[in-house]
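First up is the structure itself, then whatever we jot down about it.
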Amino acid sequence: TKIAEGSKKLYVFDARPLLNAWANKLKGAGYEDISQYPDINMQLLFCGIPNIHAVRGSCHKVYSTLCFKNENEDKKTKAKNNMDSGNRYDSIIILIKGAFQISEAIKNDNTVLIHCSDGWDRTSQLSCTSQLILDKRFRTLDGFICLIEKDWLTFGHQFRYRCGMYCPSDSPSHVASENQKSPVFIQWLDAVYQIMQQNICKFEFNSELLFFLANEIFTGKYGTFLFNNEQERELY
């Protein structure tokens, strides 16, 4: 109710596909029931962004495609099928569409609430991309860095689990399963790249910065992307 105050309408953007949200509901979680808020002009929208497991799967298909060495016709056909069935760019299109919907809602003086299952993967993707569209400050070099620090690092995107990089053995997040790995941040950088290609004069930086960030996530040269949260970064 407090979030909805002072706006024409409250839009709740659930990053998940509706089917996933239903599955979570059966496990005792779920999503907003609009009938519980009769005094609020409220609309619930599902963005349909695939989860971390789907992102990991599509990325593996891209990698396996790029690793083909024997470029005969059969290999090329398999590569094309891999790319088509990987849904990597379908996911990025869905992400960008969701961010544009959020941007339009905010531009029309509405209030927006964004969430997914946990709030540190797809939520960060949608929030960052919509801010990038809405505010030219985030398309400057300093602003872009601020955006990453604010909506990924401070909000607790689990870089340690998602990237599977080195972590001290006494860290609470030392143990991470292969099932938790997923290039969610890399996928977002790809989405930024696609927007940048269509609006090349709207950015103070170019794709070299995106490649630099993608590389630094896995080098561990700086401690920025090694841990899951601010507490661990401070501690180590």
Side chain proximity check, [X] to [Y], heavy atoms < 4.5 angstrom:
X      : Y      : value
Cys128 : Trp188 : yes
Ile148 : Leu213 : yes
Asp14  : His115 : yes
Lys136 : Arg139 : yes
Cys47  : Leu126 : yes
Asp190 : Tyr89  : yes
Glu5   : Thr111 : no
Gln125 : Trp152 : yes

Taking all non-hydrogen atoms of both residues into account, name the closest pair between [X] and [Y] and its distance.
X      : Y      : answer
Ala214 : Ile186 : CB-CD1, 3.6 Å
Ile92  : Gln187 : CG1-CG, 4.0 Å
Ser124 : Asp151 : OG-O, 2.6 Å
Leu95  : Ala191 : CD2-CB, 3.7 Å
Thr1   : Ile40  : CA-CD1, 3.6 Å
Met42  : Val12  : CE-CG2, 3.6 Å

Legend entry - Exam field: side chain Asn229 to backbone Gly156, donor-acceptor pair closer than 3.5 Å: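 Side chain of Asn229 to backbone of Gly156, a donor-acceptor pair under 3.5 Å: no, none is there.
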
If you draw a 6.0 Å radius around [atom1] in [X], do more than 12 non-hydrogen atoms from other residues or ligands fall strictly inside?
X      : atom1 : answer
Phe211 : CZ    : no
Leu19  : CG    : no
Leu141 : CG    : yes
Lys202 : NZ    : no
Glu234 : CD    : no

Inset, instruction - May I have the step-by-step check of side-chain contact (heavy atoms from CB on, under 4.5 Å) for Gln180 and Arg162, ending in yes or no? - result: CA-CA 6 Å; Gln180 290 176 304; Arg162 297 294 178 259; 3.9 Å; yes

Is a donor from one side chain sitting under 3.5 angstrom from an acceptor on the other, for [X] and [Y]?
X      : Y      : value
Gln131 : Ser127 : yes
Asn179 : Arg56  : yes
Asn24  : Ser117 : yes
Ser35  : Asp33  : yes

Inset, instruction - Would you please classify the geometry between the Phe159 ring and the His157 ring as parallel, tilted or perpendicular, with 30° and 60° separating the classes? - result: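 Aromatic pair His157/Phe159 classed perpendicular.
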
Inset, instruction - Take the angle between the ring planes of Tyr31 and Phe46 and call it parallel below 30°, perpendicular above 60°, tilted in between. - result: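 Tyr31 and Phe46: perpendicular rings.
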
Inset, instruction - Determine, using the 4.5 Å side-chain heavy-atom cutoff (strictly less than), whether Phe225 and Ile145 are members of one ILVMFWY cluster. - result: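 Phe225 clusters together with Ile145.
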
Legend entry - ILVMFWY network linking Tyr193 to Val184, side-chain heavy atoms under 4.5 angstrom: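 Tyr193 and Val184: one cluster.
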
[X]: ring-ring contact (aromatic ring centres under 6.0 Å, His included) partners, not counting sequence neighbours:
X      : result
Phe13  : none
Phe205 : Phe144, Phe203
Trp120 : none

Calculate, to the nearest 0.5 Å, the distance between atoms [atom1] and [atom2] belonging to [X] and [Y] respectively.
X      : Y      : atom1 : atom2 : value
Asp109 : Lys107 : CG    : NZ    : 11.5 Å
Gln101 : Ile133 : CD    : CD1   : 11.0 Å
Gln43  : Ile34  : CD    : CD1   : 7.0 Å
Leu10  : Tyr37  : CG    : OH    : 9.5 Å
Asn110 : Glu104 : CG    : CD    : 10.5 Å

Inset, instruction - Would you please test Gln158 and Asp118 for side-chain contact (heavy atoms from CB on, under 4.5 Å) and show each step? - result: CA-CA 11 Å; Gln158 300 190 336; Asp118 298 299; over 6 Å; no

Inset, instruction - Test side-chain contact (heavy atoms from CB on, under 4.5 Å) on Leu147 and Arg137 and set out the steps. - result: CA-CA 10 Å; Leu147 189 64; Arg137 180 170 63 95; over 6 Å; no

